[in-house]
Enquirer: 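Before I ask anything, here is the structure I am working with.
Throughout, protein chains are lettered first and strands after them, A, B, ... in sequence-line order, and every chain is numbered starting at 1.
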Amino acid sequence: MAIFDLARRVAPFLMVFGVGVWLWTVANDFAISTTLGRAGPDLWPKIVLALLIGAALWGLVDAALRSKHGDDTSILITNATRSAGHEEDAHADLEGDAASAPKRPIFAMLGIASMLGYVAVIPYLGFVISTFLLLLAIMMFAGYERPLRAIIIAGIGALVFFGVFQRLVYVSLPMGAGPFKEMTLALMALLGVR
Amino acid sequence: MDTLINLAHGFATVFQPINLLLLVVGLVLGLLVAVLPGLTLVMGVVLALPFTYGMGVIPAVILLTAMYVSGTYGGAFTSILFRIPGEPIDVPLLWDGYPMARAGEPALALGWTLFAALSGGLVAAVAMVFLSGPVAVVALSLSTPEYFAVILLGLSSVVALGGNSLPKALISLALGLLFSSVGTDPTYGELRFDFGIPMLGDGIEYLLVMVGAYGLGEVLTRMEQRSALVNVGSVGQIRTKLPSLQSLLELKSTLLRGSFVGFLIGVIPGAGATIASFVSYGLESQYGKRRRELGTGIPEGIVAPQAAATASVGGAMVPLLTMGIPGSGATAIIMAAFMLQGVQPGPYVFFKSGEIVYAVFASVFLGVIGMCLIGYFAIKLLVRVLAFPEAITSAFVVMFCFMGAMASRSTVGDLWVIVSFGVLGYLFERFRFPIAPMVLGAILGPLAETSFMTTMISFSNDWTVFFTRPVSGAIMVLVALALVYPTISDRMAQRRRSRDVERA
């Protein structure tokens, strides 16, 4: 259990360290890096990567030595609440209901899947249907418990966003393919958009 | 005198019908965002940014500034009435505002908040107007090594004050700087980190970093928690009762201290309204006349944090408008609005395009007054918003984020980028990495790189120039101090605590 906990603490820093080292090798391949004997296009990214790798190593050691996650509030807030005698309740109040609510990462995963799905299907289903499905999915996964009302809100929302894009922001939207394209064109005609 | 004349022109600009309308819209949106569950002030300002594409720079900045100003005030209502802080800024209000409301004086507690927000905001606005000119004069005299040092100071204070874990904040900053270096290098035109993908050759727009990390990341985090609906009950009795003139005068030292501290903290990059509010409450607990009664529901505990929170807005505008350095998430977005219109805030804009700068100044003054008027008359409506289902807000926030991404370059490719940053923002929240350093790194990265590379080329690769020139050397010392401050402060506090334990 302790090893699992340790792995969870150090994992983000290990990942950042790995990415940093890999990007360093990529930066080595930038053209005219050091051939002219002066600061090349790789210098700035390498300084930043050195900072990234150094910070990841520092974090790695820190996470391995500490037994639990430290408080992540700003030091100025910590000092102020300490002097006011509110150190304990400040932490709880800053966290709000997030501190007491059980975390269910599955819903965040479903949210990510919905967003990725939206981007994947929008060229085929077009803007209106994809947006309707996304709004509905996010509402349901975020805990909205009235499916019928959610469907109505998602439908109205998709049409309003379509109208705003077409009539106010003037952005060309994915129209979809096959019958979905026909539907989008019909909607555009309805809105008077050519 | 010139300053006052310019300010009068600024007021005239803001009073133009379209600008005035946007000011009011911004104030209402800022108040709503601060109250609505599932939305934060920075998120709200981010979501409004895409709507500014089609506007001129002045209306765009007026809208966002108004949201920023009123966002520091709206959350006070729910803190005092329901013990639900709309924003972290409002947490100190729970300790005296809520007890005062529980003691049967909710209207008076709201009155004290209004008075503090109004006075703190206006005091800071005056300081902002008169301090900006001299700061801009100094900024104008800086050459590239000094300018790079100033940017570094801004970034390092964001890192130092953003959270308690320096490695995490440094990683966040480094990632932001790296994202800004993707694409064509500004000095040599060399492609960097494009991995053969044409879209990356154009670089990663900071807008996508901001909207993805702040907007989608926050939605995903909230989905994981699935917050319950808030029952606000009957709002029929809710109203604001202004305190008497005599009691106002009794609190003048608290008010001045809070406003002054809030303004100063606002000027420091990385320390925005939340830190101002906490520090001001902490100072009141040490130096206030009634410090021993603090926490029992006294007005000092309301006035000190609220005055500081609103005053921090005026302070934060000073480095943004005079040096082009945003000190917080919200000012970073206001800076993005400037840049989207092709205007780079800084000393040149301050002196050459004064009409923009003074319109912003005037919008802070009018914003502070306007938000108090709206807060006074529309409090019942605003409080009702608290009962709005968070799930619906989340769904629409996601769509607003996508709308922002699509409106910028009209490509579906940008949607993949924004979702990636949304996932990154969620992972940051999950593993408690601060997001602000990454966003500021993405915005300030190109400026930092350009001034660094220009210095290196001008001074024949001599990097010691940053330390040997008097001004940049002095700023570099401040950078080092900013970075070691949290560690030293933490150690001292630990030592103090163990001493207390031994004594006990």
Enquirer: So which part of A:Leu60 gets closer than 4.5 Å to some heavy atom of chain B, the side chain, the backbone, both or neither?
Expert: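 Looking at A:Leu60, nothing touches chain B.
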Enquirer: Flag the one option from B:Ile418, B:Ile265, B:Leu94, B:Ile171 with the top tally of heavy-atom pairs under 4.5 Å to chain A.
Expert: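 Maximum pair count with chain A is reached by B:Ile171.
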Enquirer: If you count heavy-atom pairs under 4.5 Å with chain A, which of B:Leu220, B:Ile457, B:Asp185 comes out on top?
Expert: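 Most heavy-atom pairs within the cutoff with chain A belong to B:Leu220.
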Enquirer: What part of A:Leu52 gets closer than 4.5 Å to chain B, counting heavy atoms only: side chain, backbone, both or neither?
Expert: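 For A:Leu52, the contact with chain B is made by backbone and side chain together.
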Enquirer: Looking only at heavy atoms, which two atoms of B:Met223 and A:Ile138 are closest? And how far apart?
Expert: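 Reported closest heavy-atom pair: CE-O, 4.1 Å.
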Enquirer: What part of A:Met109 lies closer than 4.5 angstrom to a heavy atom of chain B: side chain, backbone, both or neither?
Expert: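 Contact with chain B: side chain only.
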Enquirer: So which part of A:Leu136 gets closer than 4.5 Å to some heavy atom of chain B, the side chain, the backbone, both or neither?
Expert: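 For A:Leu136, there is no contact with chain B at all, as no heavy atom is under 4.5 Å.
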Enquirer: List the atom of B:Leu170, the atom of A:Ala55, and the distance in Å for their closest heavy-atom pair.
Expert: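 What the structure gives for the nearest pair is CB-CB, 3.7 Å.
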Enquirer: Tell me if the centroids of the rings in A:Trp44 and B:Phe193 come within less than 6.0 Å of each other.
Expert: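 No - the distance between ring centres of A:Trp44 and B:Phe193 does not fall below the 6.0 Å cut-off.
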Enquirer: For A:Leu134, which atoms come within 4.5 Å of any heavy atom of chain B: side chain, backbone, both, or neither?
Expert: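 For A:Leu134, the contact with chain B is made by the side chain alone.
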Enquirer: Show the nearest heavy-atom pair for residues B:Ala395 and A:Met139, with the distance to one decimal.
Expert: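 Scanning both residues, the minimum pair turns out to be CB-CG, 3.7 Å.
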Enquirer: Which of the residues B:Arg291, B:Met456, B:Met453 is involved in the greatest number of heavy-atom pairs with chain A at under 4.5 angstrom?
Expert: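 Heavy-atom pair counts peak at B:Met453.
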Enquirer: What closest approach, in Å, do B:Met406 and A:Pro174 show between heavy atoms, and which atom pair accounts for it?
Expert: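 Heavy-atom minimum between the residues: SD-CD, 4.5 Å.
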Enquirer: May I ask you to check whether A:Tyr118 and B:Phe402 place their ring centres under 6.0 Å from each other?
Expert: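 Yes: the rings meet the under 6.0 Å criterion.
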Enquirer: When heavy-atom pairs shorter than 4.5 Å are enumerated against chain A, which of B:Leu294, B:Leu216, B:Thr221 gives the highest number?
Expert: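 Heavy-atom pairs under 4.5 Å are most numerous for B:Leu216.
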Enquirer: Heavy-atom distance under 4.5 Å to chain B: side chain of A:Val16, backbone, both or neither?
Expert: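 Just the side chain, heavy atoms under 4.5 Å.
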Enquirer: Between B:Phe433 and A:Phe13, is the ring centroid distance below 6.0 Å?
Expert: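 Yes, the ring of B:Phe433 comes within the 6.0 Å limit of the ring of A:Phe13, centre to centre.
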